[in-house]
Amino acid sequence: MTDVPPDWIHPPDLAAARAAQHAIAARAEAADRLAEVPRLVAGVDCAGAARGRPDRIRAMAVLLERGAPSAPVATGLVEGVPAFRYVPGFLGFREIPFILDALAALPARPDLLLVDGHGLSHPRGCGTATHLGVVLDLPTIGVAKSPLVGKPEGELGMEAGSQVPLVWKGRRIATVLRSKRGVNPLFVSAGHRVSPETAVRHVLDWLAGYRLPEPTRLADKLAGEARRLAEA
DNA sequence: GCGACAG
DNA sequence: ATCTTGTCGC
């Protein structure tokens, strides 16, 4: 992470941010370049602050080891004041500065990173997952709870495991996945160094009875608990 | 011009 | 994302 342009992390404005996204997307790798069976997998997510309070956010990184699910090997928590307000399509610039610190607090680099948000299923092919992947040169997968762009192609079955492609401008940009019966689907997209098929395979692999895969589920839960404790 | 819009 | 208890359903 030494040859990363400053604008990729702290662009002065949205115009620079947009240019950075195009540059990052051009460097994103669509082919698999990761371990067949990742041993250390991390999940990251951010929690905001209760309204009425300063615009602070907390980034939580959770490190899990294959075989020992739901029992984090380690966690990293970071709090700060984001430089950007939330603007659809530019979420990465608001959260990534803190996510990078949260990941740096972990004792080891993960073999794979699951991100709460989109990867390639983004207007410029540069969702937070892709952004993080290129900056860290780490395999990443985007796991979003709602679409940013695109429409599901066809009817998604009600059974767990049902899938249908998310299409935008004639392109398949993500997989709409029913991770569990009776819940809204997940939008799984490739981030960096992971193919669309592999992305879905790993999400299914780390599912443990909940809508979200463990890495992201725990990061989401722990970030929320940290917020409660801090504001209590 | 109008509506949509990850977290 | 956040505001929030009970409640319907498998």
A/Phe93 atom CZ is separated from B/dG7 atom P, nearest whole Å, by 18 Å

Check your understanding: When we call it a touch if two heavy atoms are under 4.0 Å apart, what does A/Ser121 touch: a base, just sugar-phosphate, or nothing?
Key -> nothing

Whole-Å distance, A/Met158 CE to C/dC10 P, equals 11 Å

Classify A/Phe90 by what it touches in the nucleic acid, base, sugar-phosphate, or nothing, heavy-atom distance under 4.0 Å. base

When rounded to whole Å, the CG to C1' distance for the pair A/Leu14 and B/dC5 reads 14 Å

Do A/Val200 and A/Gln163 make a side-chain contact, defined as non-hydrogen atoms from C-beta onward lying under 4.5 Å apart? yes

Residue pair A/Arg181/A/Glu231 against DNA chain C: nearer the 5' end by closest nucleotide is A/Glu231

Atom NZ of A/Lys151 and atom C1' of B/dC5 are separated, to the nearest Å, by 10 Å

Subject >> Any A/Lys145 side-chain nitrogen or oxygen under 4.0 Å from OP1 or OP2 of C/dA1 >> reply: yes

Picking from B/dA6, C/dT2, B/dG7, the nucleotide nearest the side-chain atoms of A/Leu148 would be B/dA6

Check: Does A/Asp205 pair with A/Arg66 as a salt bridge, N-O distance under 4.0 Å?
Finding: yes

Check whether any side-chain nitrogen or oxygen of A/Ser146 sits under 4.0 Å from OP1 or OP2 of B/dG7, and answer yes or no. yes

Need one value for A/Pro147: base, sugar-phosphate or nothing, where a base atom within 4.0 Å counts as base even if backbone is also close, heavy atoms only. sugar-phosphate

When rounded to whole Å, the CD to P distance for the pair A/Glu159 and C/dC10 reads 16 Å

- prompt: What class does the angle between the rings of A/His131 and A/Phe93 fall in, given that below 30° is parallel, 30 to 60° is tilted and above 60° is perpendicular?
  reply: perpendicular

Q | Any donor-acceptor N/O pair, A/Arg172 side chain to A/Pro165 backbone, under 3.5 Å | A | no

Is there aromatic stacking of A/Tyr86 against C/dA1, centre distance under 5.5 Å, plane angle under 30°? no

Point to revise | Donor-acceptor pair between A/Asp116 and A/Thr216 side chains, under 3.5 angstrom | key: no

note: A/Leu222, atom CG; C/dA1, atom C1'; distance rounded to Å ~ 17 Å

Taking B/dG7, C/dT2, B/dA6 as options, the one with an atom nearest any side-chain atom of A/Arg227 is C/dT2

From CG of A/Leu91 across to P of C/dT2 the rounded distance in Å is 13 Å

From CG of A/Leu166 across to P of B/dC5 the rounded distance in Å is 12 Å

Classify the nucleic acid contact of A/Gly89 as base, sugar-phosphate or nothing, counting any heavy atom under 4.0 Å across all strands shown. base

